[in-house]
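Report on the following structure.
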Amino acid sequence: MLDIQLLTTPLDTQACIQFVHADDAGGIDVFIGTVRNATKGKAVLRLDFEAYEPMAIAEMRKIAEQALEKFGAKKIALHHRVGTLEIGEAAVVIAVSAPHRAAAFDACRYCIDTLKETVPIWKKEIFEDGEVWVAAHP
Amino acid sequence: MLDIQLLTTPLDTQACIQFVHADDAGGIDVFIGTVRNATKGKAVLRLDFEAYEPMAIAEMRKIAEQALEKFGAKKIALHHRVGTLEIGEAAVVIAVSAPHRAAAFDACRYCIDTLKETVPIWKKEIFEDGEVWVAAHP
Amino acid sequence: MKISLLSFGIAKDITGQRFLDVELPSPATVGDLRSVLVKQFPRLSELASVRLAVNSEYADESVFLSENDEVALIPPVSGG
Amino acid sequence: MKISLLSFGIAKDITGQRFLDVELPSPATVGDLRSVLVKQFPRLSELASVRLAVNSEYADESVFLSENDEVALIPPVSGG
């Protein structure tokens, strides 16, 4: 059971948790990635996210399906935001339920780690004096 | 920065997340332990939790302090419920913020793993035909 | 000397009461108290573990007890 | 044959446009397209990586392209 979304509006952590809630699941792990106010000591004003939308959703779905299968998780909600985000706002919320806690933690971590490697979403950091696409250069 | 509570009322996940939110933290991990509807295939009607309250709070605080120190986490909220819980209700909520996600995951997992070993809280499973203190016997 | 004993979870089912005063010859260690309790309540030895806490801290067997210490019988915990 | 090229993130800054039609001699592989693009936009080779996706799937260099395939230039991703 998956709920995969790419949204331009603020993410709703509570809705993700409610989606994965199940009476036969004993553990829910939730990861929330938020916009930090600094990178390498330099103040960040805000972030711009862009996505290759159909492919991003397809890749997010693949990752969540793999996580269900690899770890025996029950349900996964995976919401990512695009557009302009202010400091402190959530860029990604991943909620995973599983019969036992180890599977919930492992599946959630697998989702965020893999998302950061394969999902076609790009983040631009906006500073006082310029902007940088994150991780673009070696 | 810690928020440690033992409560007789339903746990508020959103309040835990809000407590740990910080503009200099990029990752929040949340664990929610919920009451499962079955143990080893046998239907559970509800759970009764009891705690040695002052010691439980002291042990929860120790664990959270260790997690801040060991993993460099920023803030931790650790709420545990006592009394009678129905199926699906949350028995424990742990929220951890950290500059990076690995520390948030590791610290959160350390908290729940250690809580289950050391914090003086006891869970009794109520079945149709009897009740059992969990883990009491070898 | 008199020790206040608190029992929780299945340990309370075994001792039959939450609060219990225990008389011990002085000096006495946590280990001495354990021996007395296991003799009085043999079913305690059937548990997967029984730890003792003195004044809300887990205590080794070698710790000496003082008059009016609060000691708690901690059967296997199962929070979370 | 004509390929529709989509560019994202810093790749869009380098190609200067989101949508670009590219003419290729047929048959052509993903690797052939990459060579053409790197020649036309040398700054692509300064990136930590550039993957190509064909019709919303990551594609190996050896995959043959078809007329009207949608190919996307995927610079290092940084979601989450």
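Every chain is numbered from 1, with letters handed out A, B, ... down the list of sequences.
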Ala136(B) versus chain C, heavy atoms under 4.5 Å apart: side chain, backbone, both or neither? both
Does any heavy atom of chain B fall under 4.5 Å from the side chain of Arg18(C), the backbone, both, or neither of them? side chain
Which portion of Trp122(B) sits near chain C, non-hydrogen atoms under 4.5 angstrom: both
Most chain C-contacting option - heavy-atom pairs closer than 4.5 Å, from Glu59(B), Lys124(B), Arg81(B): Glu59(B)
Ion pair check, Glu67(C) and Lys2(C), cut-off under 4.0 Å: no
May I ask you to say whether Lys123(B) pairs ionically with Asp48(B), meaning some side-chain N is under 4.0 Å from a carboxylate O? no
I'd like to know if the side chain of Asp69(C) reaches the main chain of Val71(C), judged simply by a donor and an acceptor atom lying under 3.5 Å from each other, with no hydrogens or angles considered. no
So what's closer than 4.5 Å to chain C heavy atoms on Ala51(B): side chain, backbone, both or neither? backbone
Can we say Asp60(C) and Arg51(C) salt-bridge, meaning some charged N sits less than 4.0 Å from an Asp/Glu carboxylate O? no
Sort Val134(B) into side chain, backbone, both or neither according to what part of it lies under 4.5 angstrom from a heavy atom of chain C. both
Evaluate the ring planes of His80(B) and Phe49(B), with Trp represented by its six-membered ring, and classify them as parallel (under 30°), tilted (30 to 60°) or perpendicular (over 60°). perpendicular
